J.: 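Dumping the structure here so I can ask a few things about it.
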Protein chains: 2
Amino acid sequence: MEKIQPRSLYLEVADRVRDLIEQGSLLPGEKIAEKELCESFGVSRTPLREALKVLTSEGLVENLPNRGSRVVRLTRQGVKNTYDVMGALEGLSGELACQHLSDEDVEQIRALHQRMLNHYRNGELAPYFEVNQQIHERILAASNNDVLIEMYNNLSQRVKRIRYSVEMGQANWAKAVADHEAMLEAIDARDGKRLGDILRAHLGHKLEVATVSGIIDEE
Amino acid sequence: MEKIQPRSLYLEVADRVRDLIEQGSLLPGEKIAEKELCESFGVSRTPLREALKVLTSEGLVENLPNRGSRVVRLTRQGVKNTYDVMGALEGLSGELACQHLSDEDVEQIRALHQRMLNHYRNGELAPYFEVNQQIHERILAASNNDVLIEMYNNLSQRVKRIRYSVEMGQANWAKAVADHEAMLEAIDARDGKRLGDILRAHLGHKLEVATVSGIIDEE
DNA sequence: TATTTGAATAATGAATTCATAATACCGAAA
DNA sequence: TTTCGGTATTATGAATTCATTATTCAAATA
């Protein structure tokens, strides 16, 4: 039997605003007009303001007293900082995952890995990224550490709105794939230490940062 | 000329509630009566409710729709999960710190280290912990990564309300001190990789977890 | 013409009010 | 006595209202 989950309005609103930010309907640095959003959502200002406060503590929005809320600007340094932390968390996810991964889990990851390799060989970048991310998510989930998952998802959300210029140097791409091969070996051996080291050094993200497009502020 | 910093009321309230939780005036699992708190703070329900939503997204409070807010319960597993993530973050802080630590920074850390050793030799546990924490904070600050600092502080806040039974096995204590000696060597050599590894394995916290007292829920 | 001052307007912050859901209470029936 | 049902009470959720602070824009001054 499935539980009925009543959800608060402010959470719903927060989700919607998060989506707007992620999809670029609300741009970094843009002022968030409460009245406007309220009308488009069909709610009063109270739940919207509550949602904005949540998003503020999530790092997506900033709150200037008496001057309303804005979408936080991304700086190159800020994005790098975020990816550095995500890397550390991925490293931990690898270590922990090896303690929990069942044989079936590993088989599923291996299947994903093969699909990823196919996309790589065919030069299909978008599908490659898609499957790539699924692999990392599997490992994260297998960490069985909900605090870790929560932190990672928060950071992930902050940089989701970045759209990468879809160009990855052939060498970098090959390196990333090689990393994944090594990851699979470590997983097979349930060698958490090694998987963690690989993931920490994987830098899949950092590579991308270098090629970030528009919405990041310079200076 | 110093800038005037207007602070929102809800942030003030959030700080106060955080303190109440940290000091144990609000116990894990305890229902948070809005009316009561409002009166004691002298504010209306609106800023309090906003503050509670912030604390919810910080992981200190949970929100049951239509049934109000409670202080989240700490479970052994939850605390372990938190410390695991904190360990990973500390590891990263060590790696990054080595890229930024000035000679003066190192000297200050060395001084703290010596004070810590004195407390160790005198068997003064509380002062030892105090200085110990200052060292870790210095390293964290030297990471120059505000995202990392923010995440760490959040997690730290979640477990701050735990009061440890002040007993640490002599062997564990000696091990912790030895770790710190190694840390200082790595810092001197600006060997980020090594410092990171030491910090990740330091487990200073995990040792404590085993001896946690009252407010953690079993099961 | 550029800059500053002040009034009008709009937006935000916080308290209050209203609606709704949960809890407590009490009596009746098994 | 215990359990069920129904009402009264209370607390929460959300909208609304009120107060205060920013912003805009026009007029006045340099």
Side-chain angles (χ1 to χ4, degrees), chain A residues 1-21 25-73, chain B residues 1-21 25-73:
Chain A
M1 194 55 185
E2 184 149 349
K3 275 189 196 161
I4 297 175
Q5 296 250 32
R7 260 173 73 78
S8 301
L9 188 51
Y10 85 98
L11 289 176
E12 218 74 47
V13 173
D15 286 347
R16 294 283 293 273
V17 178
R18 239 183 253 112
D19 287 345
L20 290 180
I21 294 174
S25 307
L26 290 172
L27 292 172
E30 186 175 343
K31 188 171 185 316
I32 297 176
E34 295 182 359
K35 204 177 155 207
E36 201 178 310
L37 269 188
C38 286
E39 283 167 10
S40 72
F41 289 162
V43 300
S44 78
R45 280 175 58 220
T46 307
L48 173 63
R49 288 171 58 78
E50 289 171 346
L52 288 176
K53 263 126 203 163
V54 169
L55 296 177
T56 295
S57 83
E58 284 177 6
L60 287 173
V61 166
E62 59 190 344
N63 226 276
L64 316 178
N66 290 317
R67 301 182 55 179
S69 305
R70 324 187 144 274
V71 180
V72 299
R73 291 174 183 280
Chain B
M1 192 58 183
E2 184 151 350
K3 276 189 194 161
I4 297 174
Q5 299 235 41
R7 255 174 77 77
S8 300
L9 187 51
Y10 85 97
L11 289 175
E12 219 72 48
V13 173
D15 286 347
R16 296 282 293 274
V17 178
R18 236 183 255 112
D19 287 345
L20 291 180
I21 293 174
S25 306
L26 289 172
L27 293 172
E30 186 175 343
K31 188 172 187 314
I32 297 176
E34 295 182 0
K35 203 177 156 207
E36 203 177 309
L37 269 187
C38 285
E39 281 167 13
S40 72
F41 289 162
V43 300
S44 77
R45 281 175 58 218
T46 306
L48 173 64
R49 288 171 58 79
E50 289 171 345
L52 288 177
K53 262 127 204 164
V54 169
L55 296 177
T56 296
S57 83
E58 284 177 6
L60 286 173
V61 166
E62 59 190 343
N63 225 277
L64 316 177
N66 291 317
R67 302 183 55 178
S69 305
R70 328 187 140 272
V71 180
V72 298
R73 290 173 183 281

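Computed from a prediction, not measured in an experiment: that's the story for all the values here.
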J.: Just the rounded figure in Å: distance from C1' of D:dA14 to CD of A:Glu12.
T.: 15 Å
J.: Look up atom CD in A:Glu30 and atom CD1 in A:Ile21, then write down how far apart they are to the nearest 0.5 Å.
T.: 9.5 Å
J.: Starting at CG of B:Leu11, measure out to CZ of B:Arg18 and round the result to the nearest 0.5 Å.
T.: 8.0 Å
J.: Using a cut-off of 4.0 Å on non-hydrogen atoms, how would the nucleic acid contact of A:Ile32 be classed: base, sugar-phosphate, or nothing?
T.: sugar-phosphate
J.: For B:Leu48, answer base if it contacts any base atom (sugar-phosphate contacts may also be present), sugar-phosphate if it contacts only those atoms, and nothing otherwise; contact means non-hydrogen atoms under 4.0 Å.
T.: nothing
J.: Please tell me if the side chains of A:Thr46 and A:Leu9 come closer than 4.5 Å, counting only heavy atoms from C-beta onward.
T.: no
J.: For B:Lys35 and C:dT16, is the shortest distance between a side-chain N/O and OP1 or OP2 below 4.0 Å?
T.: no
J.: Would you mind reporting whether B:Val71 and B:Leu20 have side-chain heavy atoms less than 4.5 Å apart?
T.: no
J.: Rounded to the nearest angstrom, tell me the gap between atom CG in B:Asn66 and atom P in C:dA21.
T.: 7 Å
J.: Pick base, sugar-phosphate or nothing for B:Glu34, based on heavy-atom distances below 4.0 Å to the nucleic acid.
T.: sugar-phosphate
J.: I want to verify a distance call: between D:dG13, C:dG13, C:dA14, whose nearest atom is closest to the B:Arg49 side chain?
T.: D:dG13
J.: Taking the side chain of A:Lys31 as heavy atoms from C-beta outward, which of C:dA22, C:dT12, C:dG13 is closest to it?
T.: C:dT12
J.: Whole angstroms only, please: what is the CG-P distance between B:Asn63 and D:dT12?
T.: 10 Å
J.: Could you state the CD-C1' distance from B:Glu50 to D:dT12, rounded to the nearest angstrom?
T.: 15 Å
J.: Using whole Å, report how far CD of A:Glu36 lies from P of C:dA10.
T.: 15 Å
J.: Between P on D:dA22 and CG on A:Leu64, what's the gap in Å once rounded to a whole number?
T.: 11 Å
J.: A:Arg67 or A:Leu9: which one's nearest nucleotide on DNA chain D is closer to the 5' end?
T.: A:Leu9
J.: Expressed as a whole number of angstroms, how long is the span from A:Leu52:CG to C:dT12:P?
T.: 9 Å
J.: Between A:Arg16 and A:Asp19, does at least one N-O distance fall below 4.0 Å, as a salt bridge requires?
T.: no
J.: Please pick, from C:dA11, D:dT12, D:dA14, the nucleotide with the shortest atom-to-atom distance to any side-chain atom of A:Ser44.
T.: D:dA14
J.: With the side chain of A:Arg45 defined as its heavy atoms from C-beta on, choose the nearest nucleotide among D:dA14, C:dG13, D:dG13.
T.: C:dG13
J.: Round to the nearest Å and state the distance from B:Tyr10 atom OH to C:dA15 atom P.
T.: 15 Å
